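What follows is one structure encoded as structure tokens, with my remarks underneath.
Note that the structure is predicted; figures quoted are calculated from it, not measured.
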Amino acid sequence: ELGIRIPRPLGHGPSRFIPEKETIQVGKEDATMHTLFAESFATLGRLDNVTLVMVFHPQYLESFLKTQHYLLQMDGPLPLHYRHYIGIMAAARHQCSYLVNLHVNDFLHVGGDPKWLNGLENAPQKLQNLGELNKMLAHRPWLITKEHIEQLLKTEENSWSLAELIHAVVLLTHYHSLASFTFGCGISPEIDCEGGHTFRPPSVSNYCICDITNGYHGVDEIHASQAGSIPSTESVCEVEALMEKMKQLQECRDEEEASQEEMATRFEREKRESMFVCSSEDEESAATRDVSRHFEDTSYGYKDFSRHGMHVPTFRVQDYSWEDHGYSLVNRLYPDVGQLLDEKFHIAYNLTYNTMAMHKDVDTSMLRRAIWNYIHCMFGIRYDDYDYGEINQLLDRSFKVYIKTVVCTPEKTTKRMYDSFWRQFKHSEKVHVNLLLVEARMQAELLYALRAITRYMT
């Protein structure tokens with residue numbers, strides 16, 4: 001009556017990929033989840049959609065919130081506004097406007113200078129110097145050398161201290177991988193965020209293209225997507241076939257072990273093959289000026305490491321691992337963070353409910369390990385004691401496309417990719433896959449950065 005336009009949410013529920021009725025409804029959560037919601041609200045000042053999707057796995061969410069809170073708000077080498085600005089820089093590398101917008105608000109809230117938001121060139125030189133490391137970590141971490149570290153630590157003015165650099169590296173990797181989660185689970189912006197609302201009245205017959213791109217679909221389309229979730233015999237067979245393969249591999253494992261040379265060959269083969277996995281929807285997505293102003297060199301993106309005659313030496317885990325090297329370095333320079341990250345990696349990797357789709361009492365460790373090691377393999381990281389032949393047995397092509405897209409070019413993830421892998425599995429299981437992707441990616445980036453820092457120090 002007063003002529004005030006009332007916003008209406010554009011999407012339905014916290015994710016564009018998961019039907020709202022299958023997410024955990026606020027008000028119907030159990031006591032553990034309720035505590036987590038309260039914690040999330042207290043630290044972020046809102047109950048964000050990332051939390052509402054992650055809560056499928058409360059044990060992980062608790063560890064995630066604790067780590068993020070520590071990185072952004074507790075005592076640490078970097079001032080608060082720097083932390084949020086680094087979050088913006090990292091999320092912008094993947095054009096993740098959802099995370100960029102959240103941190104723009106937080107940055108201003110802790111007294112950050114609005115001028116910095118006009119573009120990276122307006123931020124202090126010290127932050128601008130971080131641009132190169134941000135770019136390489138996000139897209140080609142295997143290129144990071146001790147010289148890159150030296151440039152940041154040894155410049156005449158605006159140099160970083162080791163402790164500050166570790167804090168910055170952890171923040172960058174945290175937000176690169178959180179961008180992977182955001183796109184991989186189709187997280188929708190909240191109603192009060194940019195892209196989260198519309199002032200147009202809901203109409204069924206005449207929805208326009210802007211509604212579709214914003215996730216507001218016509219009734220026909222909603223019915224069609226619901227119809228797609230009816231289990232087909234074909235997808236039921238997929239689950240049975242996967243379980244059968246796991247059983248066979250376990251039996252082969254027990255019978256014979258491949259030689260070291262054979263294992264090395266299988267790794268190289270898988271690494272080479274991973275280059276030829278690319279998303280079918282491979283058109284270039286142009287970065288919007290809105291987000292791309294937060295980083296330079298917008299054309300720089302993911303490239304497979306063996307392309308263009310570049311040979312990247314294999315990163316062998318027995319020479320430099322998170323457990324033996326990375327963890328202690330982080331903990332020494334930024335106390336408690338190594339501990340928090342370690343806990344988060346372990347929870348994601350070991351998380352299991354011993355179920356697969358409609359089957360109970362299943363040991364899924366072989367499958368989890370194949371996913372984790374496949375991601376590290378795409379980054380050129382090799383485990384000597386793993387038979388990479390298992391990856392091809394357990395991960396089919398549509399699943400590999402999804403993994404590679406979410407990990408390497410998350411902004412290209414589509415609902416079709418999400419729907420096309422593991423069609424019989426529950427959404428909570430697909431979210432669990434995303435947690436594995438996020439943590440394996442973060443650890444891979446960290447390993448390259450920390451190894452370079454260790455080489456610089458020695």
Side-chain angles (χ1 to χ4, degrees), residues 67-94 96 99-100 102-104 106-107 110 112-113 116-117 120-141 143-155 157-180 294-297 300 322 326-341 344 441-457:
T67 308
Q68 183 167 268
H69 177 64
Y70 195 91
L71 288 174
L72 291 175
Q73 290 165 313
M74 302 296 278
D75 285 347
L78 292 173
L80 296 182
H81 63 303
Y82 264 51
R83 302 181 197 192
H84 291 294
Y85 197 80
I86 290 169
I88 293 169
M89 285 172 69
R93 272 286 13 148
H94 285 308
C96 186
L99 291 174
V100 169
L102 284 183
H103 285 282
V104 162
D106 292 337
F107 172 75
V110 295
D113 181 346
W116 298 9
L117 298 174
L120 188 57
E121 66 282 1
N122 299 292
Q125 190 58 47
K126 183 169 174 174
L127 282 166
Q128 290 184 41
N129 294 348
L130 202 58
E132 185 73 8
L133 186 66
N134 178 25
K135 167 174 105 172
M136 292 165 82
L137 267 176
H139 307 298
R140 308 173 203 172
L143 298 180
I144 296 170
T145 63
K146 67 175 192 196
E147 284 70 32
H148 293 114
I149 304 301
E150 192 170 11
Q151 275 170 351
L152 288 165
L153 297 170
K154 283 232 167 134
T155 41
E157 43 209 303
N158 305 311
S159 65
W160 290 75
S161 73
L162 263 173
E164 288 174 331
L165 186 59
I166 290 280
H167 193 168
V169 162
V170 175
L171 279 167
L172 289 171
T173 56
H174 176 80
Y175 282 104
H176 294 154
S177 49
L178 191 54
S180 281
H294 298 298
F295 61 91
E296 68 254 335
D297 196 359
Y300 190 95
W322 166 254
Y327 168 79
S328 52
L329 176 65
V330 172
N331 242 12
R332 190 166 80 237
L333 292 166
Y334 187 7
D336 296 337
V337 168
Q339 184 64 46
L340 288 166
L341 292 174
K344 191 160 64 80
R441 171 185 182 170
M442 183 171 181
Q443 194 181 87
E445 283 189 31
L446 274 175
L447 282 173
Y448 278 109
L450 297 173
R451 183 179 69 168
I453 290 172
T454 302
R455 284 177 175 172
Y456 164 79
M457 289 165 69

Which atom pair, heavy atoms only, marks the closest approach of Ala138 to Glu445?
CA-OE2, 4.2 Å
Return yes if a side-chain donor-acceptor contact under 3.5 Å exists between Tyr456 and Glu147, otherwise no.
no
CG on Leu143 to CD on Glu132, rounded to 0.5 Å
9.5 Å
So, do Val104 and Val100 sit near enough that their side-chain heavy atoms are less than 4.5 Å apart?
yes
So, for Ala449 and Val169, which heavy atoms are closest and what is the spacing to 0.1 Å?
CB-CG1, 3.8 Å
Without swapping roles, check the side chain of Gln128 against the backbone of Glu121 for a donor-acceptor pair under 3.5 Å.
yes
How far apart are the closest heavy atoms of Ile88 and Phe107, and which atoms are they?
CD1-CB, 4.2 Å
Can you tell if the side chain of Ile166 reaches within under 4.5 Å of the side chain of Val337, non-hydrogen atoms only?
no
I'd like to know if the side chain of Arg83 reaches the main chain of Leu71, judged simply by a donor and an acceptor atom lying under 3.5 Å from each other, with no hydrogens or angles considered.
yes
With Asp113 via side-chain contact (heavy atoms from CB on, under 4.5 Å) - residues at least two apart:
Lys115, Trp116
Tyr334: which residues meet the side chain to side chain donor-acceptor pair (under 3.5 Å) condition with it, sequence neighbours left out?
His167
The criterion is ring-ring contact (aromatic ring centres under 6.0 Å, His included); which residues satisfy it with His84, sequence neighbours excluded?
His103
For Pro335, which residues count as a side-chain contact (heavy atoms from CB on, under 4.5 Å) partner, sequence neighbours excluded?
none
Looking at Glu150 and Lys146, is there a salt bridge between them, counting it only when a charged N and a carboxylate O are closer than 4.0 Å?
no
Heavy atoms of Ile144 and Leu133 approach each other most closely as CD1-CD1, 3.9 Å
Between atom CD1 of Ile453 and atom CG of Leu165, what is the distance when rounded to the nearest 0.5 Å?
4.5 Å
The reported gap from CH2 in Trp322 to CG in Leu329 (rounded to nearest 0.5 angstrom) is 8.5 Å
Interatomic distance, Met89 atom CE to Tyr82 atom OH [nearest 0.5 angstrom]:
10.5 Å
Could you state the interatomic distance from CG (Leu446) to CG (Leu450), rounded to the nearest 0.5 Å?
5.0 Å
Taking all non-hydrogen atoms of both residues into account, name the closest pair between Ala90 and Tyr175 and its distance.
CB-CB, 3.6 Å
Who are the side-chain contact (heavy atoms from CB on, under 4.5 Å) partners of Asn158, not counting sequence neighbours?
Gln125, Lys126, Asn129
Side chains of Gln151 and Trp160: closer than 4.5 Å at any heavy-atom pair?
no
Could you pull out all residues at least two apart from Ala444 that satisfy side-chain contact (heavy atoms from CB on, under 4.5 Å)?
His376, Phe379, Ile381
Which residue in the set His176, His94, Arg93 passes side chain to side chain donor-acceptor pair (under 3.5 Å) when paired with His139?
Arg93
Say you draw a straight line from CG of Leu341 to CG of Asp336; how long is it, rounded to the nearest 0.5 Å?
11.0 Å
Could you report the tightest heavy-atom contact between Ala163 and Pro77, atom names first, then the distance?
O-CG, 3.5 Å
Any side-chain to backbone donor/acceptor pair from His174 onto Val170? Under 3.5 Å, distance only.
no
